[in-house]
Amino acid sequence: MAKPKKIGILTAGGDCPGLNAAIRGVGKTAIVKYGMEVIGISSGFLGLIDKHYFSLEEHMLSGILTDGGTILGTSREKPFKKSKRHNIDKPGRIVETYNELGLDCLVCIGGNGTQKTAAKLVNEGLNIIGIPKTIDNDVWGTDQTFGFDSALWIATESIDRLHSTANSHKRIMVIEIMGHHAGWLALYSGIAGGGDVILLPELDYDMDVVNDYLLTRARNKKPYSIVVVAEGIAKPHKDQSAASFIANRIEEGTGIETRKTILGYIQRGGSPSPMDRILATRFGAYAVDMIAQEDYGKMVIKKGEKIKDILLSDVGSKLRLVPEDHKLIKKAVGLDICFGNRY
Ligand code: F6P
């Protein structure tokens with residue numbers, strides 16, 4: 001009989017709701033279904049460089065499904081990027097630790113940066129399976145990452161709450177939503193939360209169009225407006241937040257009292273939504289089925305309602321951005337939602 005497999009698992013990049021559900025999905029399937037041994041790597045790729053890891057036992061996976069964050073810890077360590085802190089061959093250390101541990105496969109749960117690193121580790125000769133996560137929903141190749149749905153709930157609820165205070169004061173409220181270079185979270189929460197203006201990194205915007213639109217609303221007896229801004233929109237100064245920049249330009253251009261809210265890390269914290277728990281669990285279980293079949297070098301994805309996989313080498317550095325002609329944008333324009341340009 002073949003020796004049971006030994007696998008490592010790590011979470012890397014910014015955390016998001018659903019990481020523990022994915023760790024549980026991988027761990028329970030590996031231990032219960034296949035009798036594999038599981039090693040938890042601490043703080044992303046840093047744990048492999050600094051040799052911080054522990055035996056992940058089945059009892060440790062109970063009660064974590066609903067918890068936010070990650071029991072493994074995470075870091076933004078990019079081992080293939082030169083840095084001053086470690087004057088060492090980081091990829092070499094990762095390969096060394098993998099071999100010392102006698103791993104048959106390493107499961108890398110993370111966003112774009114993590115999947116890029118995972119693909120490079122495949123080239124170093126390691127058996128890798130990637131699982132995509134991020135609130136940004138911008139990992140190329142998958143229809144959805146876990147973390148997005150939970151963040152969408154939080155962002156939508158926050159926008160909902162702005163309506164009453166905006167109405168009471170007859171103000172314009174600008175809310176900044178995370179998403180890095182992608183506008184998925186701003187687009188979806190903006191539409192779900194009844195935003196009047198939605199500005200995305202993928203679309204050019206013109207402040208004259210935005211201000212004319214807001215003034216027209218005021219003239220049409222709309223007492224307040226909600227402006228949803230993705231953090232990654234184009235702006236002149238890198239250090240100024242998107243919300244500050246847009247709120248200042250609106251107040252100057254319309255003369256209407258304007259306030260800003262930056263939602264920030266609230267969007268990444270707390271318990272995962274039911275949909276994220278399910279997606280993370282499905283991704284985790286599927287990843288281990290692939291390991292059992294020794295089908296390595298791939299990332300698990302969601303396509304329609306199905307869980308599938310693609311080559312990590314195909315994911316590379318590609319980003320999944322909102323297409324300009326996305327059907328939600330087209331429908332929203334028909335509802336007189338302004339995207340900052342003249343359609
Ligand atoms: O990728 C998730 C994300 O929350 C982005 O939306 C945001 O731009 C970034 O991480 C923040 O990164 P950090 O945790 O390093 O501040």
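Read the numbers this way: they start at 1 and go in the same order the structure lists the ligands and their atoms.
The ring-ring contact (aromatic ring centres under 6.0 Å, His included) analysis of residues 236-290, with sequence neighbours excluded, yields no pairs.
Residues that satisfy the ring-ring contact (aromatic ring centres under 6.0 Å, His included) test with Phe148, not counting sequence neighbours, are Tyr188. Judged as a ring-ring contact (aromatic ring centres under 6.0 Å, His included), and not counting sequence neighbours, His169 has no contacts.
Between Lys298 and Asp309 there is a salt bridge, with a side-chain nitrogen of the basic residue lying less than 4.0 Å from a carboxylate oxygen of the acidic one.
Put simply, the side chain of Lys116 reaches to within 4.5 Å of the side chain of Ser317, judged on heavy atoms. With contacts defined as side-chain heavy-atom distances shorter than 4.5 Å, the pair His326/Glu202 does not qualify.
For ligand 1, the protein residues within 4.0 angstrom (heavy atoms only) are Arg76, Thr134, Ile135, Asp136, Met178, Gly179, His180, Glu231, Tyr265, Arg268.
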